[in-house]
K.L.:
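Before anything else, here's the structure in question.
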Number of protein chains: 2
Amino acid sequence: MGVTGDRFRHEALGVVFQVREDRLSVLLWQRAFPPFADAWALPGGRLLSAERLGTSASRHLAAKVDIPEIAHLEQLETRSDPVRDPRERVLATAYLALVTVGAQPRLPADTAWHPVDALPACAFDHQSIIGSARERLRAKLSYTNIGFALAPETFTIAQLRDLYAAALGHEVSATNLQRILTRREVIEPTSGLSRPTSAGGRPAALYRFVSCSLVVTNPFAAFRPRE
Amino acid sequence: MGVTGDRFRHEALGVVFQVREDRLSVLLWQRAFPPFADAWALPGGRLLSAERLGTSASRHLAAKVDIPEIAHLEQLETRSDPVRDPRERVLATAYLALVTVGAQPRLPADTAWHPVDALPACAFDHQSIIGSARERLRAKLSYTNIGFALAPETFTIAQLRDLYAAALGHEVSATNLQRILTRREVIEPTSGLSRPTSAGGRPAALYRFVSCSLVVTNPFAAFRPRE
DNA sequence: ACAGGTTTTCAACTATCGGTAGATAACTAC
DNA sequence: GTAGTTATCTACCGATAGTTGAAAACCTGT
């Protein structure tokens, strides 16, 4: 009671995912100075005095990395290991950020995309944070409409299949994907058709996501009676 | 670069749930002084300089409320609204804590259990945090074995049904519950039988949870091929 | 001991979900 | 046309989970 409590630095980190060339990739920048010189780190930075964590994450991403295309941002978890930063104690709240496939944001010279299954040496606890973010993304792909934040405005089922396969890390059946997402009313057909490729083949119908804000579509309905 | 960053107070809060008299209840203490005098608040307190958030939550719960019976503790989310505390800015990381049914921890005079569907006026953003915690608990009950942290060592299916019904907020069929949790290998029968009640009736088999650490038992398997 | 009441347990029925396979449709190139 | 290619659809089927009702195992009162 009345004791002066300790105060802590706090940072917001962004795990920015984008599917690039059929591989789930994360945005990292390469540190020039110790600690962890030459290692790769998640974008982020200090929380300011009047700022919420979510806006801080947005600000650091938008300013340092020029990404206005972030289609989804959600809080992941807060890391509090006292020695996660060897210089001084810094709490870090990680956010999951998703960028639409095909977007090509300009990047600073020290910044690059890395496929998540071929990560370089990472600074601090960032590799483990990326692991948590992957888990979250995989889970939400299967019970929410979060795919809207990875997919373009309109897309064919084949494109969506490749996107889900990259993000989930295993093969996905186009037939199944189309039926399930349509039944859940996550996606709907538009009137458009895709240009057939030069190799021929039937033109594909173009779909879109029904909603562009997060909706839980497959509630774990266990133990609930059918009224 | 090199700018002196701001530092913040940080607190850990515990949303402690227990099923009491067939109602999901949360532990709250009544504030004596402003701000929010007389309103009810979640237990918790300051993060210390060498402490992780999880241990801070445990410490505050164990010290202030005498609960060594916390069977499960997990991080929920971090609240960062700059004015969530009118005195000064305090970041708060909330934890979900579960107490076994039947445990009767000694409580300080200002502390009491409140059914979550009849909450009193709450201080700060605590009511909304309790809402988040309920959501998390409900979701995890349906796809993990988290019930182990609410149930006693051994129990009958009827007891477990009442427990799930209280935590989920809707009726639950004992038949269904028994079949599903057994098939998922979440619970298993012991050799014991319950004493029949004075009213008569067949004695019930006693079950136990197979594991007392969190296991995901119903992965959202959507889109995964059957190898 | 037996009837009637109570609680538990189990088996059968059913709907839905989602993975699979194969047929059919719609296009290109030759 | 014919062959090749891609997309789409239907039918099948197993697993999951909600529902129902019967049978089992206990009590009490007569």
Side-chain angles (χ1 to χ4, degrees), chain A residues 139 141-144 147 154-165 168 170-207 216-227, chain B residues 22 139 141-145 147 154-165 168 170-207 216-227:
Chain A
L141 274 175
S142 70
Y143 71 91
T144 73
T154 63
F155 47 84
T156 68
I157 296 296
Q159 289 168 342
L160 193 65
R161 187 234 304 133
D162 293 342
L163 209 127
Y164 269 67
L168 291 171
H170 58 74
E171 296 201 344
V172 170
S173 144
T175 294
N176 217 9
L177 192 69
Q178 193 260 5
R179 179 162 45 88
I180 292 173
L181 294 186
T182 304
R183 178 160 55 196
R184 291 183 186 169
E185 294 183 328
V186 168
I187 61 175
E188 63 187 2
T190 69
S191 53
L193 288 184
S194 71
R195 291 281 125 252
T197 70
S198 58
R202 172 175 173 174
L206 289 176
Y207 283 76
V216 175
T217 59
N218 186 26
F220 332 102
F223 316 126
R224 164 166 284 125
R226 300 198 178 109
E227 42 267 271
Chain B
D22 288 340
L141 273 176
S142 70
Y143 70 92
T144 73
N145 66 343
T154 63
F155 47 84
T156 69
I157 296 296
Q159 289 168 343
L160 193 65
R161 186 234 306 133
D162 293 341
L163 208 128
Y164 269 68
L168 291 171
H170 58 75
E171 297 201 343
V172 170
S173 145
T175 294
N176 218 7
L177 191 69
Q178 193 261 7
R179 180 163 44 87
I180 293 171
L181 294 186
T182 304
R183 177 161 55 199
R184 290 182 186 171
E185 295 184 327
V186 169
I187 61 175
E188 64 187 2
T190 69
S191 54
L193 288 184
S194 72
R195 291 280 126 253
T197 70
S198 57
R202 172 175 173 173
L206 289 177
Y207 283 75
V216 175
T217 60
N218 186 26
F220 333 102
F223 315 127
R224 164 165 285 123
R226 300 196 180 112
E227 40 270 275

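Order of the sequence lines fixes the chain letters, A, B, ..., with proteins taken first and strands second; residue numbering starts at 1 for each chain.
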K.L.:
For B:Ser173, which residues count as a side chain to side chain contact (heavy atoms under 4.5 Å, CB included) partner, sequence neighbours excluded?
P.N.:
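Testing B:Ser173 for side chain to side chain contact (heavy atoms under 4.5 Å, CB included), a comparison that skips the adjacent residues, returns B:Thr175, B:Asn176.
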K.L.:
What is the distance, rounded to the nearest whole Å, between atom CZ of A:Phe155 and atom P of D:dA7?
P.N.:
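Nearest whole value for this atom pair: 14 Å.
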K.L.:
Let me know the distance between CZ of B:Arg202 and P of D:dC26, rounded to the nearest Å.
P.N.:
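Atom CZ in B:Arg202 sits about 8 Å away from atom P in D:dC26.
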K.L.:
Output the rounded distance in Å from OH (A:Tyr164) to P (C:dG18).
P.N.:
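Roughly 12 Å, once rounded to whole Å.
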K.L.:
Can you tell which of D:dT19, C:dA26, C:dT8 lies closest to the side chain of B:Arg161?
P.N.:
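Output: C:dT8.
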K.L.:
Roughly how many Å is it from CD in A:Glu171 to P in C:dT20, rounded to a whole number?
P.N.:
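Going from A:Glu171 (CD) to C:dT20 (P), I get 10 Å.
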K.L.:
Between B:Asp162 (CG) and C:dT8 (P), how many Å, whole number?
P.N.:
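In whole Å, C:dT8 P lies 9 Å from B:Asp162 CG.
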K.L.:
So do A:Thr182 and A:Ile187 actually touch side chain to side chain, heavy atoms under 4.5 Å?
P.N.:
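A side-chain contact exists here, since the closest heavy-atom pair is under 4.5 Å.
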K.L.:
Choose from C:dT20, D:dA7, D:dA24 the nucleotide whose nearest atom is closest to any side-chain atom of A:Ser173.
P.N.:
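Output: C:dT20.
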K.L.:
What closest approach, in Å, do B:Leu181 and A:Phe223 show between heavy atoms, and which atom pair accounts for it?
P.N.:
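That would be CD2-CZ, 3.9 Å.
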K.L.:
Check for a donor-acceptor pair, side chain of B:Thr217 on one end and backbone N or O of B:Asn145 on the other, with a separation under 3.5 Å.
P.N.:
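No; judged by distance alone, with no hydrogens or angles, the pair does not exist.
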K.L.:
Out of A:Thr156, A:Thr154, A:Leu160, A:Ile157, which residue meets the side chain to side chain contact (heavy atoms under 4.5 Å, CB included) rule with A:Tyr207?
P.N.:
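Of all the options given, the one that passes is A:Ile157.
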K.L.:
Output the single nucleotide from C:dT8, C:dC27, C:dG19 whose closest atom is nearest the side chain of B:Phe223.
P.N.:
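Of all the options, the side chain of B:Phe223 is nearest to C:dG19.
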K.L.:
In residues 174-189 of chain A, which ones come under 4.0 Å of DNA chain C, going by heavy atoms?
P.N.:
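Within residues 174-189 of chain A, the residues near DNA chain C are A:Thr175, A:Asn176, A:Arg179, A:Ile180, A:Arg183, A:Arg184.
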K.L.:
Please report, rounded to the nearest Å, how far the P atom of C:dC27 is from the CG atom of A:Leu193.
P.N.:
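Computing the A:Leu193:CG to C:dC27:P distance gives 8 Å.
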K.L.:
OH of B:Tyr143 versus P of C:dC17: gap in Å, rounded?
P.N.:
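In whole Å, C:dC17 P lies 21 Å from B:Tyr143 OH.
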K.L.:
Run the salt bridge (charged side-chain N to carboxylate O under 4.0 Å, His left out) test against A:Glu171 and tell me which residues pass, sequence neighbours left out.
P.N.:
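Checked A:Glu171 against salt bridge (charged side-chain N to carboxylate O under 4.0 Å, His left out); zero matches.
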